[in-house]
Amino acid sequence: MNPFKSMGIGVLYRKEFADHLRSRRFSIILFLIVVIGLSSIYSAGYGIREAVSQENNDFAFLRLFTTSGGSLPSFVSFISFLGPLIGLSLGFDIMNSERARGTLGRLLAQPIYRDTVINGKFLAGVGILSLMIISLGLGVGGLGIIMIGIPPTFEEIMRILIFIILTVIYISLWFAVSLLFSLLFRQAATSALAGIALWLFLSIFVGLLAGLIADGLYPVDDQSTFEVAFENQKVKQYLNRISPSKLYDEAIVTILNPGVRTLGPVFTSQLEGAIPGVLPLSQSMLLIWPHIVTMIAMTMICFAISYIYFMKQEIR
Amino acid sequence: MIKKCELQQHFMKTFLIKATKNLCMLLLIMALIFSTSINDVFAQGGIVLSTTYPGITVKAGENVELPLKIKNSGPYGKSVELSIVSIPDGWKSSFEGRGKTVHKVFVDGNAYENVHLNIKIPSKTTEGDYKIIAEAKGNGVSDRLTLDLKVREGAKEASKLIVQYPELQGSASTTFKFRVDLTNSSDMTQSYSLGAKVPRGWEVSFVPAYSSKQIASIGVKPDSSEGLDVEINPPRLVKAGEYTIPITATSADETLSADLKVIIKGTYDIKLSTPTGRLNAETYAGKETKVKLMVTNMGSADLKDVKFSSWEPSGWSVKFEPEELEVLPAGESKEIKAYIKPDSKAIAGDYVVEMRASTPEDSSSAEFRVMVKTSTLWGIVGVILIGALVYGLYWTFKKYGRR
């Protein structure tokens, strides 16, 4: 028996997809990110026009995504901050609302397997946010070409493509988390709050906590040696990397800025003789490969837990 | 009376005898006197035409100036006419005294005058012995002087090409400047075409003094000289040593030549590069990579004891094989290998490594851009990890699915 070949999954996928598209929540989220995305690219484009004409225009197109123009933050920092919210808002009530309405039992009364329900719902959610992110990426890319008038090079296109895939993985992770929460908490509001709490904790408080722990282990003051400061920095970074937001930030900074050669602190001896230059895409990818693997792993583990939990749940 | 007469007769007799005697004496005296006076008359006509060297060797085409001495041994001054009695065909002569052409000389009594005899010998004169007879004539007296001239070919006065400093020393990049004086000794303006015979790759140019024009020929007036600068540029890759460069000035009549000697001192020029000219390498952190280097002796002297050294970031190591070359002949190049090993902690991206080939005389360095790559090992580990997770998910599906 092949567990992947489930009857009815296609039907369920299409139904869920259509539900998402028709929902008002989706329209609001889409409107929000399109407005934010386009405006950040637009303001960055104005700032970059002067920068490109003055400096070398290497990877000018990529800088469009990472440059913050005027009062608005850059496109990537918007996505990094609001991405989790998209994932959470799509999934926080995906199971418990069905249960609350009592439709879940009715659904399971249909001649479909139980795992088809959770697989279909998860895949539909991932599908809808992929659609959102890809169209947003293409939209801002197109606007960027109009804004700065420089077509992206092949490497830039590849880097943007990887950026989009990374974003889909990142938001899928948060979607998987919210799916888990929607199973764990019967109330949709509790699930939403739990999700937002986790998001705020991982986005903001992990950084503060990591700093506290690192300072406790390796106190840095005026007299402390370089080694201590280095260790402090290292511990802080490793603790920060518990948070997927941090992982995502590091990954997209590396992929969108080819000048980034390393993440984390380096000894000056390592920089001796180093020539400032750009890394080829393959090297950038190798640098963030652990981040990508970790994010995929987190998503899969979250989904696996949700799956086991859902399969073992008693549904009346 | 008779007695008186006799006495008178006797007197007369004795007187006659005496007179005769006296006359004889007188005559004797007169004769003596006259003889001296006749001698005087002869001496009065005495002119001696002489020269210190009546026999000389000359060259065809030469102008000979002979000092002549005209001596008047008489007590009175007299005017002496000078003339040439006999002279070979085509020869020209003239007497000169104090800058003027003369044909008469007044010589005081018991004095002498100096005149010069100028003889112009035609350049076509064949070798042989020639005679010139000069005559000094005055008041019926005269003297002849025979001059013996031997014309010898080897002694011909030639035009000259004189080099001031015929040997110059310098390096291969030096421009050698020889100062040459071209003297035309013939009796007409000559146009000399200039040329030099040089080995391949050498450049020679002729420049007139105080000018910068390069000329191929030069006109020189008779009995004058022109200064020339001969500039010689040896080829850049010339080997050290001595080079003789013959230069010639050829006119319609004559060919003048001189030898210039250039001594090239050895230059030391070493160059370090790679066979392809590419100065970059790729490697992984902590992993040794081989780089081929090309060391070339661009100089003109052999290089000895070529040593290789490097500057690399700390923690890196660079080894050379061979570590040094005993000798690198001029103009040759040799391939050596360098093994670069980055620090195991090196971060991804470009680093600079400088390699240097040095001899006591010269050194050359090449900057290498070494790109350190991240090992793909951890990438593979990541892929395995994802594979394990997928399997775990599959296992979960199988274990808990289809309820």
Side-chain angles (χ1 to χ4, degrees), chain A residues 1-4 6 108 112-116 118-119 254 258-280 282-301 303-315, chain B residues 279-286 310-318 340-355 367-403:
Chain A
M1 183 175 70
N2 187 348
F4 291 103
S6 315
L108 289 173
I112 50 167
Y113 293 111
R114 192 191 270 204
D115 62 345
T116 310
I118 189 163
N119 287 350
T254 308
V260 173
R261 288 173 62 165
T262 183
L263 297 162
V266 283
F267 281 112
T268 38
S269 64
Q270 285 174 286
L271 287 174
E272 195 185 345
I275 307 165
V278 297
L279 283 187
S282 57
Q283 290 300 306
S284 291
M285 277 299 283
L286 275 172
L287 203 58
I288 58 159
W289 191 240
H291 299 67
I292 299 172
V293 169
T294 311
M295 282 198 286
I296 292 173
M298 278 178 170
T299 312
M300 285 169 84
I301 288 166
F303 178 67
I305 293 169
S306 313
Y307 183 88
I308 295 166
Y309 190 83
F310 180 69
M311 296 306 278
K312 287 191 152 183
Q313 215 173 30
E314 201 159 311
I315 295 159
Chain B
L279 291 170
N280 64 346
E282 280 182 13
T283 186
Y284 294 100
S310 62
W311 179 90
E312 65 273 342
S314 63
W316 291 47
S317 77
V318 177
I340 304 172
K341 188 182 175 187
D343 189 10
S344 54
K345 281 180 191 156
I347 55 174
D350 291 340
Y351 279 89
V352 66
V353 172
E354 192 182 295
M355 301 201 215
E367 264 190 12
F368 259 75
R369 212 180 164 103
V370 181
M371 190 174 138
V372 176
K373 295 203 280 192
T374 313
S375 167
T376 45
L377 180 73
W378 288 107
I380 294 161
V381 170
V383 170
I384 292 167
L385 218 61
I386 290 176
L389 278 166
V390 168
Y391 179 77
L393 204 63
Y394 174 79
W395 181 82
T396 315
F397 280 5
K398 222 169 174 182
K399 178 104 195 268
Y400 298 100
R402 301 290 179 264
R403 280 248 178 127

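In this structure, the portion of W311(B) lying under 4.5 Å from any heavy atom of chain A is its side chain and not its backbone. In this structure, chain A has a heavy atom under 4.5 Å from the side chain of L385(B), while its backbone stays farther away. In this structure, the portion of V372(B) lying under 4.5 Å from any heavy atom of chain A is its backbone and not its side chain.
The distance from atom CG of L393(B) to atom CD1 of I301(A), rounded to the nearest 0.5 Å, is 10.0 Å. The CE atom of M300(A) sits 7.5 Å away from the CD1 atom of I386(B) when rounded to the nearest 0.5 Å. With rounding to the nearest 0.5 angstrom, the CG atom of L287(A) is 5.5 Å from the OG1 atom of T374(B).
Within the 4.5 Å cutoff, the side chain of W378(B) has no heavy atoms near those of the L286(A) side chain.
Here the closest non-hydrogen pair linking A297(A) and L389(B) is CB-CD1, 3.0 Å.
Partner Y307(A) forms a ring pair (Phe, Tyr, Trp, His ring centres under 6.0 Å) with one of F397(B), Y394(B), Y400(B) and no other, that one being F397(B).
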